[in-house]
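See below for the structure under consideration.
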There are 2 protein chains.
Amino acid sequence: MADMTGTPPRGRRGTRPSGEERESAILATAERLLEEDRAIQDISVDDLARGAGISRPSFYFYFASKDAVFLALVDRLVAQADAGRGDLLDRLSEDPAARWREGLHVFFETFGAHRAVARAGAQARLTNPEARELWAGVMENWVHDATLAIDSERARGAAPPGQPARDLAIALVSMNERVLYATFAQDPPAVDEAHVVDVLLSIWLGAIYGAPSGP
Amino acid sequence: MADMTGTPPRGRRGTRPSGEERESAILATAERLLEEDRAIQDISVDDLARGAGISRPSFYFYFASKDAVFLALVDRLVAQADAGRGDLLDRLSEDPAARWREGLHVFFETFGAHRAVARAGAQARLTNPEARELWAGVMENWVHDATLAIDSERARGAAPPGQPARDLAIALVSMNERVLYATFAQDPPAVDEAHVVDVLLSIWLGAIYGAPSGP
DNA sequence: CGAGTTTGTCAACACGCTGTTGAGAATTGA
DNA sequence: TCAATTCTCAACAGCGTGTTGACAAACTCG
């Protein structure tokens with residue numbers, strides 16, 4: 001869903017680096033600067049341009065704005081997250097706890113692998129409408145899958161009735177996002193990276209299979 | 001809720017409004033602009049100054065920066081949150097579910113009463129080191145109380161052992177923050193305001209009293 | 001190979017924001 | 001009434017974004 005610039009691959013050696021190389025250089029620079037723990041607002045267009053070896057006006061040939069660069073990075077991460085999610089739902093009757101753990105682990109791995117980008121995304125979500133929509137879409141996918149899984153477990157009698165499955169799913173997925181953010185950014189109070197999946201799992205299991213307290 | 005110019009001490013008519021009046025006017029303007037769903041970055045020092053009836057340089061007589069104004073607002077909210085928290089812990093054996101619900105309700109009320117400020121605080125946390133510390137302090141207080149309460153419930157045999165109480169508390173308090181933020185900001189996917197306390201409660205109860213799944 | 005199109009580049013500019021300076025007006029207190 | 005204190009703002013300095021228009025390099029096609 002990210003880039004639609006078709007720029008074909010005609011690359012000669014020795015000439016000035018062109019097209020996609022420059023675009024990639026900008027993206028790589030952006031991710032590198034984020035990994036130095038700098039916030040989006042502390043990175044200027046000039047930083048990105050210089051990092052990619054071009055002038056500031058040239059930057060605008062490739063991206064419409066600074067935000068567009070970070071949005072492209074988040075876009076990439078989001079694609080990975082969606083790909084990794086796979087079919088969490090399909091085989092949950094085998095071994096529910098192990099299945100759920102697997103799902104949480106995908107979450108953990110996806111955001112952990114590019115934590116700097118994840119951090120930037122969580123930040124951009126609060127200031128950029130496009131980023132908010134992008135992020136909302138990902139969350140919605142996770143919530144949707146989790147809702148189906150909870151309803152399915154209830155239908156087969158493995159989980160008791162309780163609060164609406166979708167509401168539980170929203171709260172649990174939101175928890176994952178916030179807790180993993182704190183863990184990866186080491187933003188206290190945070191759970192240790194080694195335990196975080198187990199802690200989240202125990203809450204998911206308690207919420208889904210534990211004592212009902214619904215209306 | 002906007003107008004808090006309480007005409008303090010030496011107020012003569014006709015003279016220029018002075019000192020605390022001006023400071024209050026700046027704070028009131030800041031909260032009003034936040035309530036118009038504007039982000040901190042979309043509010044300029046000039047907006048605050050004009051809203052308070054002074055020039056931009058005069059603004060700097062009262063506050064060191066734009067962030068200092070919002071920090072003062074968050075500070076106020078934080079004080080309320082700490083005050084409202086009270087002694088959640090002391091009487092939990094009477095009726096655990098009702099007690100926990102009460103605690104969640106305080107959370108809900110505190111952030112709901114000044115949701116625009118809460119939203120700004122959650123945003124400032126990501127960009128401003130002082131705001132981050134302030135917020136971390138509040139979170140830590142909630143986490144601390146919840147940790148003691150969980151350990152206490154385990155000690156008297158009302159709750160089974162499981163993940164470390166502090167880790168559970170961190171995850172649950174983080175969930176509260178994130179879920180209430182989404183609900184109040186209507187940032188999808190979000191739980192409906194009318195159900196959100198019940199949904200959160202069922203997860204807290206499931207996590208604390210539900211089936212153990214320890215390491 | 002050479003003329004025209006496409007692609008990429010950047011100096012210079014326009015504008016908006018933050019934060020500072022220094023001159024001076026209003027108010028207070030003796 | 002006169003000086004200290006408190007408060008105010010025009011003007012300035014500086015940095016960031018985004019735009020313009022002139023120009024260069026590479027590709028295309030006769």
Side-chain angles (χ1 to χ4, degrees), chain A residues 3-27 29-30 33-34 38-72 120 123-124 127-131, chain B residues 5 7-27 29-30 33 38-72 120 123-124 127-131:
Chain A
D3 59 62
M4 38 194 31
T5 59
T7 15
R10 45 136 172 70
R12 280 295 304 134
R13 283 297 95 180
T15 77
R16 81 179 159 204
S18 272
E20 306 194 354
E21 287 181 307
R22 287 262 143 102
E23 196 173 318
S24 297
I26 292 172
L27 288 170
T29 301
L33 294 178
L34 284 178
R38 294 170 64 174
I40 291 179
Q41 61 175 19
D42 297 331
I43 298 174
S44 72
V45 171
D46 206 58
D47 292 331
L48 297 176
R50 287 186 186 285
I54 56 177
S55 74
R56 208 161 54 77
S58 291
F59 166 91
Y60 287 101
F61 181 83
Y62 297 102
F63 291 94
S65 69
K66 185 174 67 174
D67 278 12
V69 176
F70 296 106
L71 216 57
Q123 181 187 327
T127 58
N128 183 303
E130 288 183 79
Chain B
T5 56
T7 8
R10 42 132 170 79
R12 280 295 302 139
R13 285 296 95 179
T15 77
R16 81 179 160 207
S18 271
E20 308 192 355
E21 287 181 309
R22 288 259 145 105
E23 195 172 318
S24 296
I26 292 172
L27 288 170
T29 301
L33 294 177
R38 294 170 63 175
I40 290 179
Q41 61 175 18
D42 298 330
I43 298 173
S44 71
V45 172
D46 205 59
D47 291 332
L48 297 176
R50 287 187 186 285
I54 57 178
S55 74
R56 209 163 52 77
S58 291
F59 166 92
Y60 287 101
F61 181 83
Y62 296 103
F63 290 95
S65 69
K66 184 173 68 173
D67 278 12
V69 176
F70 295 106
L71 216 57
Q123 182 187 326
T127 57
N128 183 303
E130 287 184 79

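The basis for the numbers below is simple: all heavy atoms, side chains too, and nothing from hydrogens, waters or symmetry mates. In the text below, chain A, chain B and the rest are named by the order of the sequence lines, each starting its count at 1.
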message: If I take atom CG in residue B:Asp42 and atom C1' in nucleotide C:dG16, what distance separates them, rounded to the nearest angstrom?
response: 14 Å
- prompt: B:Glu23 CD to D:dT6 P: how many Å, rounded?
  reply: 14 Å
query: Rounded to the nearest 0.5 Å, what separation is found between the CD atom of B:Glu23 and the CD1 atom of B:Ile54?
result: 10.0 Å
field: Side chains of A:Asp47 and A:Thr29 in contact at under 4.5 Å (non-hydrogen atoms)
entry: no
- request: Please tell me which of A:Phe61 and A:Arg56 maps to the more 5' nucleotide of DNA chain C, matching each residue to the nucleotide holding its nearest heavy atom.
  value: A:Phe61
query: In whole Å, what is the span from the CD atom of A:Gln41 to the P atom of D:dC15?
result: 18 Å
- request: Provide, to the nearest angstrom, the distance between the CD1 atom belonging to A:Ile54 and the P atom belonging to C:dC10.
  value: 7 Å
field: Sugar-phosphate, base or nothing in reach of B:Ser55, heavy atoms under 4.0 Å
entry: base
task: Would you kindly give the OH-to-P distance between A:Tyr60 and C:dA14, to the nearest whole Å?
output: 17 Å
- prompt: Whole Å only: how far is the CG atom of A:Leu48 from the C1' atom of D:dT17?
  reply: 13 Å
- prompt: Once you round it to whole Å, what is the distance between P of C:dC17 and CD1 of B:Ile40?
  reply: 17 Å
field: Closest heavy-atom pair and its distance - B:Phe59, B:Ala49
entry: CB-CB, 4.1 Å
- prompt: Between A:Ser58 and C:dG8, is there a side-chain N or O to OP1/OP2 distance below 4.0 Å?
  reply: no
message: Of the listed nucleotides (C:dC10, D:dG16, C:dG19), which one gets closest to any side-chain atom of A:Pro57?
response: C:dC10
message: Output the rounded distance in Å from CG (A:Asp46) to P (D:dG16).
response: 8 Å
query: Do you know the tightest heavy-atom contact between A:Ala120 and A:Ile40?
result: O-CD1, 3.8 Å
query: To the side chain of A:Val45, which of D:dC7, D:dG18, D:dT19 is closest?
result: D:dG18
